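Residues: numbered from 1 along the sequence shown. From a predicted model like this one, the values you see are computed outputs, not experimental measurements.
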Amino acid sequence: MLHDLLGIFFPKLCIGCNKPLLKNEEFICTHCYFHLPATKYHLQKENPLEKIFWGRVKIERAFSFLFFRKGNITQYVLHELKYKGNKELGKYIGKIYAEKLKGCIGDIEAVAAIPLHKSKLLKRGYNQSDFFAEGLSCFLNIENASTALTRNIATETQTKKSRYERWENVNSIFNVSDISALKDKHVLLVDDVITTGATIEACANELIQSANCKISVASIAVAVN
């Protein structure tokens, strides 16, 4: 009864349309869920995201759940996760994307989130990609090895940088702190949003060189024009 009363006076709202959620809905209402700008890249080999990395770093497969454009529902989802502390949303997205990725992940043995530098982690309090990785790991039933990666340098924001400036900003900033956890494994490297791929490229190269990993990639979103 108390739960029902709270629902009346403090209803949970859809991230997309801001309307009250029904009992069986989580974070996003059914209408908005079915209108999510899904990439369906998991169904397409040599998809546009995979092509981003051609000639830069060897990637086995690359997946992204949603298209990101300024002002679309994906922006609201990422803002809620990244700046409003909605950690459970990250796990939820990981869960629903894991359901789509089943049968597509091949011999992937571990999930690892792109790490934040400790100064940014202290300021924000959490790494949003960790919760996406947790959802994927749990529902794909594969190891979450995110703690085996560290970020040595606190980089500047990437938002207004060119592709080369983004690469220069993240080159040589990652470290495999626990090589035994990842050595010779096929790792699914995950991030919240991919723009030019510079961050993924830098982290993937470190994993390949330090731990002889095979790398696949997954993100919540990929930025498009």
**Q.** Heavy-atom check, side chain of Y33 versus side chain of I96, under 4.5 Å
**A.** yes
(Q) If I compare all heavy atoms of L13 with all of N18, which pair ends up nearest, and what's the gap? (A) CD1-OD1, 3.4 Å
**Q.** Euclidean distance, T39 OG1 relative to L66 CG, rounded to 0.5 Å
**A.** 7.5 Å
Q: Verify side-chain contact (heavy atoms from CB on, under 4.5 Å) between L189 and L207, making sure each step is shown before the conclusion.
A: CA-CA 10 Å; L189 189 59; L207 283 164; 4.1 Å; yes
**Q.** Reported CG-to-OG1 distance for the pair L36 and T74, which is rounded to 0.5 angstrom
**A.** 6.5 Å
**Q.** Hydrophobic cluster membership, I200 vs L149, 4.5 Å side-chain cutoff
**A.** yes
Q) Just checking, is any N or O donor in the side chain of S129 or D191 under 3.5 Å from an acceptor N or O on the other one? A) yes
Q) Where do E50 and E60 come nearest, in terms of heavy atoms and distance? A) OE2-O, 4.4 Å
Q.
Quick check: is I114 connected to I215 through a chain of hydrophobic side chains (ILVMFWY, heavy atoms under 4.5 Å apart)?
A. yes
Q. Strictly by modelled atom types, are N175 and N152 linked by a side-chain donor-acceptor pair under 3.5 Å?
A. no
Q: Work out which heavy atom in H42 is nearest to a heavy atom in K100; give both atom names and the distance.
A: CD2-O, 3.3 Å
Q: Ignoring hydrogens and angles, state whether a donor on the side chain of S64 or S219 is under 3.5 Å from an acceptor on the partner side chain.
A: yes
Q.
Between Y126 (side chain only) and K82 (backbone N and O only), is there a donor and an acceptor less than 3.5 Å apart?
A. yes
Q: Taking only Lys NZ, Arg NE, NH1 and NH2, and the carboxylate oxygens of Asp or Glu, determine whether E46 and K51 approach each other closer than 4.0 Å.
A: no
(Q) Is any side-chain heavy atom of C17 closer than 4.5 Å to one of C29? (A) yes
Q: Report the relative orientation of the aromatic rings in Y97 and F132; use parallel for angles under 30°, tilted for 30 to 60°, perpendicular for over 60°.
A: parallel
Q: Over all heavy atoms of both residues, which pair between A221 and L78 is shortest? Give the atoms and the distance, please.
A: CB-CD1, 4.1 Å
Q: Could you tell me whether the side chain of R151 and the main chain of I173 form a donor-acceptor pair under 3.5 Å?
A: no
Q | Shortest non-hydrogen contact from G197 toward F53 | A | O-CE2, 3.5 Å
Q | Within-4.5 Å side-chain heavy-atom neighbours: W54 and I59 | A | no
**Q.** S137 (side chain) donor-acceptor with A133 (main chain) under 3.5 angstrom
**A.** no
Q) Which heavy atom of N225 sits nearest a heavy atom of R69, and at what distance? A) O-NE, 3.3 Å
(Q) I'd like to know if the side chain of N205 reaches the main chain of I208, judged simply by a donor and an acceptor atom lying under 3.5 Å from each other, with no hydrogens or angles considered. (A) no
Q) Below 6.0 angstrom between ring centroids: does that apply to Y41 and F67? A) yes
Q: Provide the full list of salt bridge (charged side-chain N to carboxylate O under 4.0 Å, His left out) pairs with a residue in residues 128-143, sequence neighbours left out, each pair given once.
A: K91-E134, E143-K185
Q: Test the R61-F63 pair against the cation-pi criterion, namely NZ or CZ under 6.0 angstrom from the six-membered ring centroid and within 45° of the ring axis.
A: no
Q) If you round to the nearest 0.5 Å, how far is CD of Q128 from CG of N86? A) 12.0 Å
Q. Got a second to check how far I15's CD1 is from E26's CD, nearest 0.5 Å?
A. 10.5 Å
Q.
Quick check against the 3.5 Å criterion: does E25 have a side-chain atom that pairs as donor or acceptor with the backbone of T30?
A. yes
**Q.** Verify same cluster id: V77, L21 (apolar side-chain graph, 4.5 Å)
**A.** no
Q) Do I220 and I73 share a hydrophobic cluster, counting only Ile, Leu, Val, Met, Phe, Trp and Tyr and linking them when any side-chain heavy atoms are less than 4.5 Å apart? A) yes
Q.
Would you compute the distance between atom CG of L101 and atom CG of L136 and round it to the nearest 0.5 angstrom?
A. 6.5 Å
Q: Return yes if some donor-acceptor pair links the side-chain N/O of S216 with the main-chain N/O of L188 below 3.5 Å, else return no.
A: no
Q) Just by modelled atom types, is the H186 backbone N or O under 3.5 Å from a matching donor or acceptor in the E109 side chain? A) yes
Q. Between atom CG of L81 and atom CD of E88, what is the distance when rounded to the nearest 0.5 Å?
A. 11.0 Å
